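Quick caveat: nothing in here was measured; it's all calculated off a predicted structure.
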Amino acid sequence: MISSLPKRISTIAPLFQPLHLTQFKYLHLNNNLLQENNTYNNFNPESYYTSCLSQITHIRPLQQLHARLLVSGLHYNGFIITKFLNVSSNLGLVRYAHEVFDEFPDPYVFLWNAIIRGYSMQNMFSEAITMYLRMHECGVRPDGYTIPHVLKACGGLPSVRVGRAVHGHIFRLGFDWDVFVQNGLVSLYAKCSRIDVARVVFDRVDDRTVVSWTSIISGYAQNGQPWEALKIYREMRRLSEELDWVTLVSVLSAYTDVNDLQQGKSLHGCIIKLGLEFEADLRIALTTLYAKCGELVVAKSLFDQMEVPNVMLWNAMISGFAKNGCAEEAIQLFWDMLSKNIRSDSITIRLVILACAHAGSLEQARCMDEFITNSDYKHDIYVNTALIDMYAKCGSIELARRVFDRILNKDVVAWSAMIVGYGLHGQGRESIDLFQAMIQAGVTPNDVTFIGILTACNHSGLVEEGWYFFHSMRQYGIEPRHQHYACLVDLLGRAGFLEQAYHIIRKMPIEPHVSVWGALLGACKIYRHVTLGEYAAERLFSLDPYNTGHYVQLSNLYASVRFWSGVAKVRVMMKERGLSKDLGYSLIEINGKLEAFRMADKSHPRSKEIFKELEILERRLKAAGYIPDTESVLHDLSHEDKEETLCNHSERLAIAYGLISTSPGTTLRITKNLRACVNCHSATKMISKLVNREIVVRDANRFHHFKDGLCSCGDYW
DNA sequence: ATAGGGTTAG
């Protein structure tokens, strides 16, 4: 019917602009729609137009129909216009809907509901609230249908304030018994991080529906309490409550958060049995679960089975690759997306930047930066902040700074990213200066800023400064968390104040976590403090029994005081628990390509040349007076396996390869999966001077810039 | 005669 309209109507209607009454005459003179309508017997315009409207999927027919309403005078028909507003909002044309709404004289509650719903659905929350307030001003009383939309809009606002006010209206209007309103309140408080209040509301709901249950489950899942979410889910099952696929999405997300692949898999089975496996959103949740738990092959097969392109699914897959050591795959997936013309969003972009940060290739990082500079995300603060982190992690603090400087309205996250970046590169002073500049700029630091500044002090050995910053946290209303304590313990411990560090741990108002004891153990290793180290290790083994790193640290501590039976004891413990130490490797980027080396690796096509270069280096090092510390290293499990010589650690192979494949003076950029070993560190310092090269090494923890025989870490890492 | 609530990627 719509398509049989005379062409000229559609040429009158400008795209995205509603027709106005001023155009009415012109339309009237130029069409014969009324005649067309009159051919129906007992023509009922309301059912006719609602039926037309429900079939509309594009703006053009919507405008045509609008024109017909204007000509026929039906734009004063509240019933039809309500339907019209709903359909245009569903198509994302809520501004158009608003203009049509404004043309309607004295709108009554149905029309108000439609426009508020439109804004709320399109996530235009403040507009929705504005309309709600205007509705009050116009003296129109909201009904039970108004409130849920308003509550949804309140949940999207940064503060719970408006939501509370609406909660007040609810009582006054007497809608507090309405289960739709109650459900809306549960998700409102959950979204505003007031899960405790959400729970109180939920507990008072008499006739809970599946939506009530889903709201509270997802509320706990969103508020970092997946265990509680799962507890309620079990309760729901116990009561044989009905559940649907939306509930399962939240439950899967809770399993993902607690890394429970077992339960997740079993739920996957249920989903198949229920015939819900083709539900797109469930597929996204399942892909996320498998990807997060490292089952990338399963995740990829779920991903591949979906034919309809879906940004969220792509993001879930890219995220899975990026965070599970498959950065290259993540980046590749993004290029696939571009070549297939699949719409990406700012989350995709941020994930790909994250992947670049993990990959560590400066060339790739530059490429991504260029892509963004030529895209709509050029001024996106989140994207630019991710770029700062990326450049810092890819070894170029200068390029990170350049991105930082081009951000106009820097928020606390952008400042923090740069502060963390300086810390990563051991530039503690720059980090502190930037922190002060941030305060000057009137930006309030948050807990992450302090982690950054404390890490920076740590990496630069700025004990007093770190101590000062730690104690200034409360001044900004920030309660120190585990990581802050871990930084402080690390800071004191590395500087040799072991007893003080231990004292801090004992006085902590929160239960010390793995990171805190880990910091203490690390310090004990440096200062060969066996008893305290053993104590810290004990705590660590009970808190985190399958982390290889702790065993290695303890073994190193024993080795450093030549307590060989202790070393053997740790080895037995590891064997009993089925643990083996991580193999070391180094990556070097040559001509934009990353190449990997393992210890004593002879698999490289240019292996012969590499080992020849290594020999030359070794001779030059000896001539320059370099004496490796053999004994401790031979038993040092944290680094790479012992060999008869020390010069074939993966890091050295990478350096040798770098030297023979780049022109003199080129900076070498190396990424290691473990921390720098003492011997390689001092050797690399000398090499940088001997061959007159800058060598940038990213270890598991931080960056080392070797230049002229010195390292930016000041031998403090 | 019209219409309402919950979810996933970060």
* Taking side chain as C-beta onward, heavy atoms only, is A:M337 less than 4.5 Å from A:Q332? -> no

### Task
Report yes if some heavy atom in the side chain of A:V109 is under 4.5 Å from a heavy atom in the side chain of A:M135; otherwise report no.
yes

Discussion item. Just to be sure I understand the rule, does A:L313 reach a base, reach only the sugar-phosphate, or reach nothing, if contact means heavy atoms closer than 4.0 Å?
Written reply: nothing

Taken to the nearest whole Å, CG/A:L333 to P/B:dA9 is 17 Å

ask   = With a 4.5 Å heavy-atom cut-off, do A:Y145 and A:R117 have their side chains touching?
value = no

Next on the checklist: Using a 3.5 Å distance criterion without hydrogens, assess whether the side chain of A:W112 forms a donor-acceptor pair with backbone atoms of A:P107.
Outcome noted: yes

Whole-Å distance, A:L286 CG to B:dA9 C1', equals 14 Å

Whole-Å distance, A:I347 CD1 to B:dA9 P, equals 9 Å

Base, sugar-phosphate alone, or nothing: which one does A:K292 contact when heavy atoms must sit under 4.0 Å apart?
-> nothing

Between CG of A:L289 and P of B:dG10 the distance, given in whole Å, is 13 Å

Separation of B:dA9 atom P from A:M312 atom CE, nearest Å, is 8 Å

Separation of B:dA9 atom P from A:F334 atom CZ, nearest Å, is 20 Å

Q. Would one find a side-chain N or O of A:S319 under 4.0 angstrom from OP1 or OP2 of B:dG10?
A. yes

_Short N-O contact, A:E295 and A:K300, less than 4.0 angstrom_ = no

Given protein heavy atoms under 4.0 Å, the one-letter contact record of nucleotides 2-7 of chain B, with B base, S sugar-phosphate only and - none, is simply BBBBBB

Contacts of A:K410 meeting side-chain hydrogen bond (donor to acceptor under 3.5 Å, both in side chains) (sequence neighbours excluded), chain-then-number -> none

In whole angstroms, the gap separating P of B:dT8 from CG of A:N310 amounts to 14 Å

Taken to the nearest whole Å, CG/A:L276 to C1'/B:dT8 is 15 Å

So the salt bridge (charged side-chain N to carboxylate O under 4.0 Å, His left out) pairs with at least one residue in residues 380-392 of chain A (sequence neighbours excluded) are A:D389-A:K393

